[in-house]
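The block underneath contains the structure these notes are about, expressed in structure tokens.
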Protein chains: 2
Amino acid sequence: MQDRKQPMALNQLIVERLMHYYHLVAEQIEINASGYVSSAQIAHLLDMDDTLVRKDLAAIGVRGRPRVGFSTNGLMDAVRETLGFNEHYNAVIVGAGRLGGAIASYAGFGKYGLDVVALFDSDPARVGDVLRGIPVEHVDRMEEVIKQHGVRSAVITVPAEAAQPLADRLVASGVRAIWNFAPTSLVVPPGVFVRHEHISVGLAELAYYLKRNDLGGGHI
Amino acid sequence: MQDRKQPMALNQLIVERLMHYYHLVAEQIEINASGYVSSAQIAHLLDMDDTLVRKDLAAIGVRGRPRVGFSTNGLMDAVRETLGFNEHYNAVIVGAGRLGGAIASYAGFGKYGLDVVALFDSDPARVGDVLRGIPVEHVDRMEEVIKQHGVRSAVITVPAEAAQPLADRLVASGVRAIWNFAPTSLVVPPGVFVRHEHISVGLAELAYYLKRNDLGGGHI
DNA sequence: TAGATTGTTAATCGATTAACAATC
DNA sequence: TAGATTGTTAATCGATTAACAATC
């Protein structure tokens, strides 16, 4: 009963690996003019098993050629198509401080199908600033802009205590996917996707590695 | 032959979960005055299985009391001790742009045992700026400062093309743990830990979720 | 053809969950 | 004591890897 055109949902592990393949192949294209790459080459560079590379590519419908490998263009097209980079989704960034500004300036949004249509901040001093061509608006206008542009995705880069109320307002306005950089968990209704970027987990891993390896180095 | 004082290395999954417990319990402490929390309570709030919570806590040596639960203070102490938050490790941030500034301003470093002793940038216009009390220095002084302070960890927040040469210099100066925010992979010798923060993976996941759920919303 | 590489089934491995005895 | 909750062994599940036939 499985419709061939409705592939199984990919989990986060495979999405992350597909992105690794995608970046790797994008870099390789300049170096390797053949237009083909083998699963063993990819696996070697990413320090993983080549079978897993073939499984992942099979899962998104990329067919390889025995003795030749996988077409680099074919691979990149399939990743783009599968992950939605060929669509256009409007997004907003809530919080135009240093982090929001850094995220807004990141060149990647357009490459992955996301168009930042607005930035919001509650600080009047920031309203009117222009970041990569987009003026910062007051957060009071958020609902209006979201509805006007049919925005379904948002990035939250505000202090922890402001995040949950803003998430509630985003969801009420129609946002269904949130990328949360605030150091607090968000409660959202079913059907709303939240990716929480845990800054403190990064710090904890650095600390743990240093402790495990007795790298006290300087200090005390 | 296993020395009781040399516990097994924890993998990234468990480190991440420990951080979730830690934050959850820190928040609960104000709400729940009893001083104890059960594995079932934690599991419920984090939408996971209570057995896994008990396994994780057992792995870091936290003992619970039947019918009572785990001491919130005991749990937090054990996480701090295990992950190294009670030590002090010096760290530097390389790249004092918006992202570097945002990271530097993040309140967490000290809480997790990391002391930011210096920020570096190659742009003379930024040298002399002060971020959370730390003056930005020219990157030419990096090696000197790292050696002087016995720095073993660094955060890289520079453009992609500058990241690898800087990583090489960091490693040559003694850095053994790197948190990389530049959108490029780093090649480092064995024994050097790199945590790569993949901004594009976050974007890809948003795009994929929107595509999977036909949330075209606005645009085109 | 011989041989390199894909594609796929079966085996393994590691992480999670279930079951339940131990404990207070 | 009865009952709630921990601690731990066994079972399950899902992801990864091994093996190898199919292909060009």
Side-chain angles (χ1 to χ4, degrees), chain A residues 2 4 7-21 24-25 28 32 34-79 82 201 205, chain B residues 2 4 7-21 24-25 28 32 34-79 82 201 205:
Chain A
Q2 175 101 331
R4 191 179 159 279
M8 186 125 71
L10 308 173
N11 68 24
Q12 298 203 181
L13 290 173
I14 189 172
V15 169
E16 187 158 344
R17 289 197 304 265
L18 290 174
M19 289 300 287
H20 293 168
Y21 308 155
L24 188 73
V25 169
Q28 292 290 305
N32 170 6
S34 77
Y36 286 85
V37 62
S38 75
S39 57
Q41 287 175 303
I42 292 175
H44 176 70
L45 290 164
L46 295 174
D47 192 26
M48 56 188 292
D49 193 279
D50 58 301
T51 305
L52 186 52
V53 176
R54 294 199 294 280
K55 275 255 173 81
D56 287 344
L57 295 182
I60 62 169
V62 183
R63 304 272 317 188
R65 288 173 54 183
R67 300 203 52 192
V68 179
F70 296 85
S71 155
T72 50
N73 287 329
L75 189 158
M76 293 185 70
D77 287 347
V79 172
T82 302
V201 172
E205 277 185 6
Chain B
Q2 176 102 332
R4 191 179 160 278
M8 186 127 69
L10 307 173
N11 68 25
Q12 299 203 182
L13 290 173
I14 190 172
V15 169
E16 187 159 345
R17 289 198 302 266
L18 289 174
M19 289 300 288
H20 293 168
Y21 307 155
L24 190 72
V25 169
Q28 292 290 304
N32 172 7
S34 79
Y36 286 86
V37 62
S38 74
S39 57
Q41 286 175 304
I42 292 175
H44 177 70
L45 289 164
L46 295 175
D47 193 24
M48 56 187 292
D49 194 279
D50 57 302
T51 305
L52 186 52
V53 176
R54 292 199 294 279
K55 274 254 173 82
D56 287 343
L57 296 181
I60 61 169
V62 183
R63 304 273 317 188
R65 288 174 52 184
R67 301 202 52 191
V68 179
F70 296 86
S71 154
T72 50
N73 288 329
L75 189 159
M76 292 184 69
D77 287 346
V79 172
T82 302
V201 172
E205 276 184 7

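Chain letters run A, B, ... following the sequence lines, proteins first, then strands; residues in each count from 1.
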Calculate the interatomic distance between [X] atom [atom1] and [N] atom [atom2]; express it in whole Å.
X        : N       : atom1 : atom2 : answer
Leu52(B) : dA10(D) : CG    : C1'   : 16 Å
Glu16(A) : dT16(D) : CD    : P     : 11 Å
Leu57(A) : dG7(C)  : CG    : C1'   : 12 Å
Leu13(B) : dG14(C) : CG    : P     : 13 Å
Asp50(A) : dT5(C)  : CG    : P     : 10 Å
Gln12(A) : dA15(D) : CD    : C1'   : 15 Å
Ile60(B) : dG7(D)  : CD1   : P     : 12 Å
Asp56(A) : dG14(D) : CG    : C1'   : 14 Å

request  = Please work out which residues in residues 35-49 of chain A have a non-hydrogen atom less than 4.0 Å from an atom of DNA chain C and list them by number.
outcome  = Ser38(A), Ser39(A)

Would you say [X] and [Y] make side-chain contact, with heavy atoms under 4.5 Å?
X        : Y        : value
Asn11(B) : Ile14(B) : yes
Val25(A) : Asn73(A) : no
Leu57(A) : Phe70(A) : yes
Tyr21(A) : Val53(A) : yes
Leu18(A) : Leu10(A) : yes

task = Can you tell me which residue pairs pass the salt bridge (charged side-chain N to carboxylate O under 4.0 Å, His left out) test with a partner in residues 69-78 of chain A, sequence neighbours excluded?
result = Asp77(A)-Arg80(A)

query = Which pairs with one or both residues in residues 55-66 of chain A pass salt bridge (charged side-chain N to carboxylate O under 4.0 Å, His left out), sequence neighbours excluded?
reply = Arg17(A)-Asp56(A)

query = Mapping Arg17(A) and Gly69(B) to their closest nucleotides on DNA chain D, which lands nearer the 5' end?
reply = Gly69(B)

query = Is a side-chain donor or acceptor of Thr72(B) paired with a backbone partner of Gly35(B) at a separation under 3.5 angstrom?
reply = yes

note = In short, Ser71(B) meets Gly74(B) closest at the heavy-atom pair OG-N, 2.8 Å

inquiry  = Please convert DNA chain C into dot-bracket. A pair counts if it is Watson-Crick or G-U wobble with both distances under 3.5 Å; crossing pairs go in [ ] and bases paired with another strand get |.
reply    = ..||||||||||||||||||||||

N/O donor to acceptor pairs below 3.5 angstrom from side-chain atoms of residues 40-49 of chain B, sequence neighbours left out:
{"from": "Gln41(B)", "atom 1": "OE1", "to": "Ser38(B)", "atom 2": "N", "distance (Å)": "2.8"}
{"from": "Asp49(B)", "atom 1": "OD1", "to": "Thr51(B)", "atom 2": "N", "distance (Å)": "2.9"}
{"from": "Asp49(B)", "atom 1": "OD1", "to": "Thr51(B)", "atom 2": "OG1", "distance (Å)": "3.1"}

Distance below 4.0 Å between Arg63(B) side-chain N/O and dG7(D) OP1 or OP2 = yes

query = Under the 3.5 Å rule, do the base of dT6(D) and the side chain of Lys55(B) count as making a donor-acceptor pair?
reply = no

note = One should read off an interatomic distance between Gln28(A) CD and Met76(A) CE, to the nearest 0.5 angstrom, of 11.5 Å

Between the protein and nucleotides 19-24 of chain C, list the N/O to N/O atom pairs that are separated by less than 3.5 angstrom.
none

